[in-house]
Q: 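Quick one: the structure is below, and I'll ask about it shortly.
Residue numbers begin at 1 in each chain, while the letters A, B, ... track the order of the sequences.
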Amino acid sequence: MTNSEMAAMFDRIADMLEIKGENVHRILAYRNAANSIGQFPRDLRIVAAEGGLEEISGVGKVIAEKIAEILETGTLQFYENLAAEIPPGVVDILHINGVGPKKARMFWQGAGITDVPSLEAAAREGKLAGLPSMGAKSIARVLEGIESFNRRATDTRTPLGVALPTAERILAMIMQIEGVGKGAIAGSIRRALPTIGDVDLVVTAQDATMVMDIFVQMDEVARVLGHGPTKSSVELQNGLQVDLRVLPEEHWGTALVYFTGSKNHGIKLRTMALAKGLSLNEWAFTPVDGGEEILCATEEAVYSQIGLPYIPPEIREDMGEIEAAQKGKLPKLIQLSDIHADLHMHTVWSDGTATVQEMAEAALERGRKYIVITDHSHGATIANGLSIERLLEQQIEVRRVDAEMGGAIRVFHGTEMEIKADGTLDFPDEILEQLDFVIASLHVGLRQPRVQVTQRLLNALNNPNVDLIGHPRGQLIPERDPADLDMDAVFATAQKTGTALEINANPHRLDLEAQYARRAAEFGIPICIDTDAHRPETMDLMRYGVMTARRGWIEASQVINTWPLEQFMQWLDKRNGR
DNA sequence: GCCGTTTTCGGCCCGACTGTTTTCAGTCG
């Protein structure tokens, strides 16, 4: 069982305990454990063998024992017992917007409703009307919630690459409204999660009423979920939920911290504030023994009030950032402006849409100082991969373009080579030696058993001609889970060989994802952030890779393609034994 | 169920909006 599958199991336990009406703090404990496990970058089997499960935040004696039972037996008796007691459809009902544990339990035990279709039928046939607190409006709300539930039944979360542009468009529209001062995208988009539950926007205005009225009447709004004086929520036609908060400007700092989250980061800040005798919310710090409120117009002022330096939003996950801040050991995170190169892109030679020349010019326009042309190898038949003959032919063209660019941008020749299903590489060493830069990637056999798929990656790492592993885990967001890789073995090998690992900036990949990138960088493994562009415009997706790297605590010096050209060439020379 | 510069027991962050049992519980973030 993977970490994310185990996290899902603990989340489902929390759901079922909620329906049973268990103690809220016990439920929260399962949720916190699920959250920690889901973000944990190491294989729990190894951690369990080392006896270190209880060192994971939110995992105590009881949950550690449950993890061990899952690892040993493949299942958990506690979970099975709950699942036997509570029909699975009742847990689905809990996930309908507007239905919480109390109503889910009431529908089940009060009316014998055990799945979403029968809830919908009961609502339409008027059978909910007799239940407590189910007036006409509540019934209509349930039906709307079911409609939305069915629409997002396949994937509940939206890729960052879809949510961020939508959020930017809507925020820009709101900023046009008279009286609006500051505005920002907050929540999980600002923290750069690879997938987003809903869009959180915060703006300042002295009079929120007009802002709210315009917001809920936007053209692309499908329905209004809530419409209050400081907070409104809408669902867009594309299914995305957008929450807007409006506050006067003097509350900007506290509001932005509050709505950026994460929840656990915020809880820790509020707990620290309480230790100083201050209650913290989105409006202000309030002394608990009375006295004047302390307003913060900036986020810096909020952190300063708690005695901390500013913490960048991407690492606000309660994953050690507060402790690092206390010790003055926060990383100096990479920025988009640090990027000088793009080392993974495709052209018409394989499955790209532009020529070598056009890609070089597009990269130059974007301020890149050097690039590598890395078309697919012949094993990637579906992508029109290059034979050895075509690869060598392409090299002549790349050299010509490089010369013609006159030094304004350097254009290197490389490949994105298949790691074949049998574990061998697609080009022989004598060919690889003629290339400037070699990426090896998994595209096939991603569902192979753990030992087999891991060994293929280790084979590639152990080849001295391979400089970079492209999108190491092989996930596609949101539709394909990563390969079942032993990442501890991958990191140990990459550390030994000095091979770089990629953060693929394409929002459908974001691979390595942040928690693995963070661990790789801790191992001293070089990181490379690439767009994997198949057309000139997709070079603009670099920002998603940088956001992911920031979320992984990564500094510019750890990223190859922030280096000046000379440093990059020295690194290549050293790898090639020159 | 977790956790500790108040604590190994007794706490566990905080507020907005909605609908309804009209004074507050349920839901959400």
Side-chain angles (χ1 to χ4, degrees), chain A residues 10 13-14 17-19 21-36 53-67 78 93-107 129-142 144-145 186-188 191 196-202 208 212 216 224-235 241-247 251 254-255 257-286 288 306-307 318 326:
Chain A
F10 283 114
I13 288 172
L17 293 176
E18 276 203 294
I19 292 165
E22 265 282 353
N23 176 288
V24 290
H25 301 297
R26 187 180 177 214
I27 293 162
L28 188 62
Y30 280 99
R31 295 237 185 263
N32 281 335
N35 184 40
S36 280
L53 286 177
E54 287 186 52
E55 285 160 34
I56 301 171
S57 138
V59 175
K61 188 164 175 292
V62 173
I63 291 182
E65 280 170 5
K66 288 185 163 64
I67 294 171
F78 177 64
I93 288 172
L94 178 66
H95 292 153
I96 295 170
N97 201 314
V99 178
K102 302 281 162 53
K103 283 186 181 163
R105 185 165 74 242
M106 181 186 73
F107 294 146
L131 295 170
S133 84
M134 289 304 293
K137 281 186 178 174
S138 292
I139 292 170
R141 200 174 168 84
V142 166
E144 282 183 3
S188 51
R191 302 200 315 279
I196 303 303
D198 52 33
V199 174
D200 292 299
L201 302 177
V202 191
M212 288 306 185
V216 299
V224 179
L225 302 168
H227 183 182
T230 74
K231 177 186 172 181
S232 293
S233 299
V234 300
E235 190 174 298
Q241 182 179 327
V242 184
D243 296 344
L244 174 65
R245 293 295 302 250
V246 185
L247 304 89
H251 303 287
T254 43
V257 168
Y258 195 95
F259 296 115
T260 296
S262 66
K263 189 161 156 255
N264 286 343
H265 178 89
I267 286 173
K268 203 159 229 175
L269 292 186
R270 291 192 284 280
T271 305
M272 289 176 75
L274 275 180
K276 291 177 180 286
L278 298 168
S279 169
L280 171 62
N281 61 24
E282 63 266 53
W283 298 96
F285 288 94
T286 310
V288 288
I306 305 171
D318 190 20
Q326 285 172 319

Q: I'd like to check the salt bridge (charged side-chain N to carboxylate O under 4.0 Å, His left out) partners of R31(A); sequence neighbours left out, ordered by chain and number.
A: D11(A), D15(A), E18(A)
Q: Under 4.0 Å between any heavy atoms, over every strand shown, what does S279(A) touch: base, sugar-phosphate, or nothing? Just pick one.
A: sugar-phosphate
Q: Could you say whether V62(A) or S232(A) is positioned toward the 5' end of DNA chain B, judged by the nucleotide with the nearest heavy atom to each?
A: V62(A)
Q: Determine the Euclidean distance between corresponding C1' atoms of dG1(B) and dT5(B); express it in Å to zero decimal places.
A: 24 Å
Q: Between dC14(B) and dC9(B), how far is it from one C1' atom to the other, in whole Å?
A: 25 Å
Q: Among all residues two or more places apart in sequence or in another chain, which pass the side-chain contact (heavy atoms from CB on, under 4.5 Å) test with K263(A)?
A: L28(A), I267(A)
Q: Can you tell me which residue pairs pass the side chain to side chain donor-acceptor pair (under 3.5 Å) test with a partner in residues 269-279 of chain A, sequence neighbours excluded?
A: none
Q: Using atom C1' of each nucleotide, how far apart are dG11(B) and dT6(B) to the nearest Å?
A: 11 Å
Q: Heavy-atom distance under 4.5 Å between the side chains of F259(A) and D243(A), does that happen here?
A: no
Q: Taking OP1 and OP2 of dT18(B), is either one under 4.0 Å from a side-chain nitrogen or oxygen of S138(A)?
A: no
Q: Please list, chain by chain and in numerical order, all residues satisfying side-chain contact (heavy atoms from CB on, under 4.5 Å) with H227(A), sequence neighbours excluded.
A: M212(A), D213(A), V216(A), V224(A), S232(A)
Q: Which is more 5' along DNA chain B, the nucleotide nearest G58(A) or the one nearest R270(A)? Just name the residue.
A: G58(A)
Q: Please report, rounded to the nearest Å, how far the P atom of dG19(B) is from the CG atom of L225(A).
A: 11 Å
Q: Of all residues at least two apart in sequence or in a different chain, which pass the salt bridge (charged side-chain N to carboxylate O under 4.0 Å, His left out) check with E235(A)?
A: R151(A), R223(A)
Q: Base, sugar-phosphate or nothing for A64(A)? Non-hydrogen atoms, less than 4.0 Å.
A: nothing
Q: Who are the side-chain hydrogen bond (donor to acceptor under 3.5 Å, both in side chains) partners of N35(A), not counting sequence neighbours?
A: Q39(A)
Q: Side-chain N or O of W283(A) versus OP1/OP2 of dA16(B): is the shortest distance under 4.0 Å?
A: yes
Q: H251(A): what forms a side-chain hydrogen bond (donor to acceptor under 3.5 Å, both in side chains) with it, not counting sequence neighbours?
A: none
Q: Quick check on dC17(B): is either OP1 or OP2 less than 4.0 Å from any side-chain nitrogen or oxygen of T230(A)?
A: yes
Q: Under the rule for salt bridge (charged side-chain N to carboxylate O under 4.0 Å, His left out), what residues qualify as partners of K61(A), not counting sequence neighbours?
A: E65(A)
Q: Using the C1' atom in both, what is the distance from dC3(B) to dC13(B), to the nearest Å?
A: 16 Å
Q: If I pick the P atom on dC28(B) and the same atom on dT20(B), what distance separates them, to the nearest angstrom?
A: 16 Å
Q: If you look at every strand shown and take non-hydrogen atoms under 4.0 Å, does L269(A) touch a base, only sugar-phosphate, or nothing?
A: nothing
Q: Using a 4.5 Å cut-off on heavy atoms from C-beta on, say whether the side chain of L94(A) contacts that of V99(A).
A: no
Q: For dT23(B) and dA16(B), measure between their P atoms and round to the nearest Å.
A: 22 Å
Q: V234(A) versus L225(A): any side-chain heavy-atom pair under 4.5 Å?
A: no
Q: Which residues, if any, of residues 25-34 of chain A bring a heavy atom under 4.0 Å of DNA chain B?
A: H25(A), R26(A), A29(A), Y30(A)
Q: Which whole-number value in Å describes the distance from N264(A) CG to dC14(B) P?
A: 15 Å
Q: Base, sugar-phosphate alone, or nothing: which one does V24(A) contact when heavy atoms must sit under 4.0 Å apart?
A: nothing
Q: Tell me, please, which residues at least two apart from K268(A) pass salt bridge (charged side-chain N to carboxylate O under 4.0 Å, His left out).
A: D318(A), E323(A)
Q: Scan nucleotides 22-29 of chain B nucleotide by nucleotide, 5' to 3', and note B when protein non-hydrogen atoms come under 4.0 Å of the base, S if they reach only the sugar-phosphate, - if neither.
A: ----SSSB
Q: Provide a list of protein-nucleic acid N or O atom pairs under 3.5 angstrom, restricted to nucleotides 4-8 of chain B.
A:
none

